[in-house]
Amino acid sequence: MHPAANDLVLVVLACLAVAFPTLIAYNVSPSATFFNQAAAFVGWGGFLLVLATGLGPQARSRSPGALALLGAIVILILAALGASLWQGAPWPLSLSSAGTLLSAMLTVAVGACLSRADQGERAFKAFCIALVVAGVASSAIGLVEVFAPNLTDGDWIAPAAIAGRATGNLRQPNHLSSLLLWSVVAAVWLGEARVIYREIGWMLALLFVEVIVLSASRTGLLGMAALLGWGLFDRRLSRSTRILLLCSPLAYLALWEATALWAHHAQQAFGGEERLSGSGLYVSYSRYKIWWNSLALIAQHPWLGVGFGEFNFAWTLTPFPDRPVAFFDHAHNLMLHLGVELGVPLALLVLGLMGYALMQAGRCALDDGREPGARSTRLFGKVEPGEAPPAGQRVPMQRAAFVMVFMVGVHSLLEYPLWYSYFLLPAAFAFGLGLERPDARDTELAASDQGDVTRPFVLAAMALVLGATLALWDYRSVVLIFDPPANAGPLEKRIADGRRSILFAHHADYAAATVAEHPGKVMKAFRRAPHFLIDARLMMAWAHALDETGETDKARYVAARLKEFHNEQAEEFFAPCTPAEAGALPSVAAAAASAASAASAPAKLPFQCLAPERSYSLKDFR
């Protein structure tokens with residue numbers, strides 16, 4: 001195939017892997033992001049498959065940073081599987097987590113081998129083009145959500161999840177913000193690499209910053225500081241590009257003020273102003289609460305943790321009178337989250353390996369653009385748009401990749417973007433690209449019989465495509481429960497079929513537990529359902545089931561934990577516990593009859609109105 005045609009195929013596959021998953025608005029219950037994530041797995045499988053076919057014996061990764069990062073992922077995979085073996089986590093959830101981590105491991109390895117084989121810049125170019133495509137399309141969606149919300153239909157353009165703020169088809173402002181920050185880096189790099197005119201790259205970057213403003217995400221504001229740092233420390237960028245990056249916080253503030261003025265003039269809602277109000281500050285206060293709760297869980301389970309994927313289960317069933325009222329399934333901080341689930345020793349090992357890998361990526365970024373042993377200080381000469389950089393000079397690919405990894409790392413200290421495949425796999429790819437450099441000694445190793453990495457990577461990429469496709473088919477069995485077609489069978493049969501799902505049986509268990517008139521008859525459903533995400537409906541059903549099966553004190557304990565959330569759905573559940581409001585005074589005869597009745601048959605309060613007689617551990621509910 002002609003090189004230009006081959007590059008075009010690579011760009012198309014990169015767009016399917018990176019851009020397409022972020023643009024899917026249509027989803028069906030029970031997951032609002034499943035199609036996005038499945039598309040990411042399929043797309044990345046195809047992208048990695050084509051990239052892997054060009055690798056040879058000299059592409060074998062040998063850097064300690066890559067080995068450290070891969071080792072950290074291996075530990076997480078073993079922890080995910082161990083959670084089912086020793087800590088009672090359901091196998092569908094453990095297998096899903098292990099499969100996701102294996103795909104990230106493959107992506108890191110291919111990225112590192114591409115850089116080792118001196119093919120990283122070609123792959124990174126396709127990757128950045130896909131990010132710019134994702135940024136342009138997501139920016140258009142964000143502009144429609146804010147300026148023309150009546151055009152959102154839910155199938156092609158998702159309505160804004162928060163009025164007055166751009167959320168994109170990912171339906172979360174912080175996710176849209178992180179995606180667009182990556183798009184800014186990609187547009188700047190493409191301009192520096194002469195793939196597009198620099199001026200076009202700058203204009204695209206300003207467009208992305210404006211939509212970041214419309215998202216009103218604090219992640220976006222922190223991203224401006226990262227862009228400023230990139231412009232401050234990377235002296236190999238052109239002077240004009242460095243100035244643009246140094247001015248990015250000022251551009252953000254100017255666009256913020258301009259948007260606020262427009263909102264006042266047009267009498268339209270601008271979510272950014274609400275973020276500065278009391279409600280916006282409350283979200284931050286909730287974040288602090290979940291961090292303090294996470295530290296308390298670490299103190300209670302310091303050595304082995306609560307189990308991989310068990311944060312929500314442990315946090316919900318642990319008494320926290322001052323807990324946030326939302327049902328969180330993450331600590332909103334990657335380090336705290338790993339500490340809760342893995343325990344302090346293993347979490348420190350994983351974080352230490354990741355930190356070492358990040359340090360090695362930083363060293364590679366500092367050396368990027370130099371031949372081994374060279375000490376060049378300037379990267380770009382004066383070339384016309386559309387031309388390649390002068391001979392002997394390299395595009396600073398690894399510095400841009402490092403900035404992307406750094407940005408998502410900062411985001412992971414406040415949220416959990418890496419729990420979504422459309423962020424995890426791009427981050428893993430950028431990380432892998434940044435961990436290796438070409439080495440002249442590999443030519444001699446390639447001549448010897450060292451084996452070829454192409455075949456195992458190709459087979460693994462094919463397995464990723466196949467696995468994601470099978471997951472789509474498997475997901476259908478639980479979709480029929482929550483969104484049945486006109487000719488669907490009885491609910492009981494659909495639930496029974498869904499409970500045989502390989503990866504999504506917990507959704508069927510949730511349905512079985514929450515629709516049963518007598519939850520005590522379906523106690524098996526509570527073996528898996530609470531380990532995915534416990535919410536108010538499930539807690540009420542679980543409490544009733546425990547009471548019906550004679551474990552009334554446990555039911556009181558679950559009800560006590562539910563009461564800490566102050567959830568509106570539970571108001572009716574706790575209504576019998578609320579004293580009747582004072583009304584007209586009863587007659588003497590009625591009062592006497594009431595007293596006599598109370599004396600002969602003392603009133604019995606429902607179980608949810610009484611405090612549990614003892615405390616329980618997580619093991620008591622597994």
Side-chain angles (χ1 to χ4, degrees), residues 27-34 89-90 92-93 161 171 286 290 309-320 323-330 475 477-484 488 490-492 494-499 501 504-549 551-552 554-578 606-610 612 616 618 620-622:
N27 268 292
V28 292
S29 296
S31 173
T33 62
F34 175 75
L93 294 175
R171 293 180 173 86
S286 296
I290 194 64
E310 294 284 86
F311 178 88
N312 173 259
F313 182 83
W315 173 68
T316 305
L317 293 178
T318 301
F320 286 117
R323 71 168 74 242
V325 295
F327 290 93
F328 289 134
D329 60 353
H330 197 281
Y475 184 66
S477 62
V478 295
V479 169
L480 294 175
I481 299 173
F482 297 90
D483 190 16
L491 177 61
E492 293 77 9
R494 286 182 276 130
I495 290 177
D497 292 341
R499 295 177 76 176
S501 168
F504 308 104
H506 51 276
H507 289 301
D509 287 332
Y510 177 91
T514 54
V515 303
E517 184 177 355
H518 296 287
K521 296 180 178 180
V522 291
M523 279 300 294
K524 289 184 178 180
F526 295 99
R527 294 179 182 175
R528 288 184 298 201
H531 292 271
F532 177 65
L533 177 65
I534 301 178
D535 60 10
R537 286 187 64 194
L538 187 60
M539 292 186 80
M540 289 186 287
W542 200 4
H544 279 300
L546 290 169
D547 181 55
E548 291 173 0
T549 54
E551 297 186 278
T552 302
K554 278 189 179 181
R556 294 169 183 162
Y557 184 88
V558 172
R561 303 288 73 77
L562 174 60
K563 197 169 187 178
E564 294 171 348
F565 286 94
H566 305 286
N567 192 276
E568 293 182 357
Q569 295 185 39
E571 289 180 356
E572 184 178 350
F573 180 72
F574 289 111
C577 310
T578 305
F607 70 88
Q608 63 265 39
C609 302
L610 301 174
Y616 293 90
L618 300 180
D620 294 319
F621 292 96
R622 282 174 167 154

Run Lys521 and Glu548 through side-chain contact (heavy atoms from CB on, under 4.5 Å) and show every step you take. CA-CA 8 Å; Lys521 296 180 178 180; Glu548 291 173 0; 5.6 Å; no
Test item: Glu564 side-chain N/O and Phe320 main-chain N/O as donor-acceptor pair under 3.5 Å: yes
Could you walk me through whether Asp620 and Glu551 satisfy the side-chain contact (heavy atoms from CB on, under 4.5 Å) test, starting with their C-alpha distance in whole Å, then the side-chain angles of each, then the deciding distance to 0.1 Å, before giving a yes or no? CA-CA 11 Å; Asp620 294 319; Glu551 297 186 278; over 6 Å; no
Taking atom CG of Asn312 and atom CG of Leu317, what is their separation to the nearest 0.5 Å? 8.5 Å
Please say whether the positively charged group of Arg561, taken as NZ for Lys or CZ for Arg, lies over the ring of Phe565, i.e. under 6.0 angstrom from the six-membered ring centre and within 45 degrees of the axis. no
Measure up the Trp542 and Phe621 rings against each other and bin them: parallel (under 30°), tilted (30 to 60°), perpendicular (over 60°). perpendicular
Any chance you could measure Met540, atom CE, to Glu572, atom CD, to the nearest 0.5 Å? 8.5 Å
Go through it in stages, so that I can follow the logic: the residues are Asp497 and Leu480, the test is side-chain contact (heavy atoms from CB on, under 4.5 Å), and I'd like the CA-CA distance, side-chain angles, deciding distance and then a yes or no. CA-CA 9 Å; Asp497 292 341; Leu480 294 175; over 6 Å; no
If only atom types and distance count, is the side chain of Arg556 paired as donor or acceptor with the main-chain N or O of Pro612 below 3.5 Å? no
Leu546 versus Met523: any side-chain heavy-atom pair under 4.5 Å? yes
Is there a side-chain contact between Pro90 and His506 (heavy atoms, below 4.5 Å)? no
Look up atom CZ in Phe313 and atom CG in Asp329, then write down how far apart they are to the nearest 0.5 Å. 14.5 Å
Ring centres under 6.0 Å, that's the criterion: do His507 and Tyr475 meet it? no
Quick check: closest heavy atoms across Thr318 and Ala314, and the distance to 0.1 Å? OG1-O, 2.6 Å
On a heavy-atom basis, the closest approach of Ala555 and Asp547 is CB-N, 3.7 Å
Do Val478 and Tyr510 pass the side-chain contact (heavy atoms from CB on, under 4.5 Å) test, and can you show the C-alpha distance, the side-chain angles, and the key distance before you say yes or no? CA-CA 11 Å; Val478 295; Tyr510 177 91; over 6 Å; no
Find the distance between CG (Leu562) and CG (Leu538) and round it off to the nearest 0.5 Å. 10.5 Å
Nearest heavy atoms of Ala89 and His531, plus distance in Å: CA-ND1, 4.3 Å
Does anything in residues 507-520 form a salt bridge (charged side-chain N to carboxylate O under 4.0 Å, His left out)? List the pairs, not counting sequence neighbours. Arg499-Asp509, Asp509-Arg528
So SG of Cys577 and CZ of Phe607: to nearest 0.5 Å the spacing works out to 9.0 Å
Calculate, to the nearest 0.5 Å, the distance between atoms CZ and NE2 belonging to Arg323 and His566 respectively. 9.5 Å
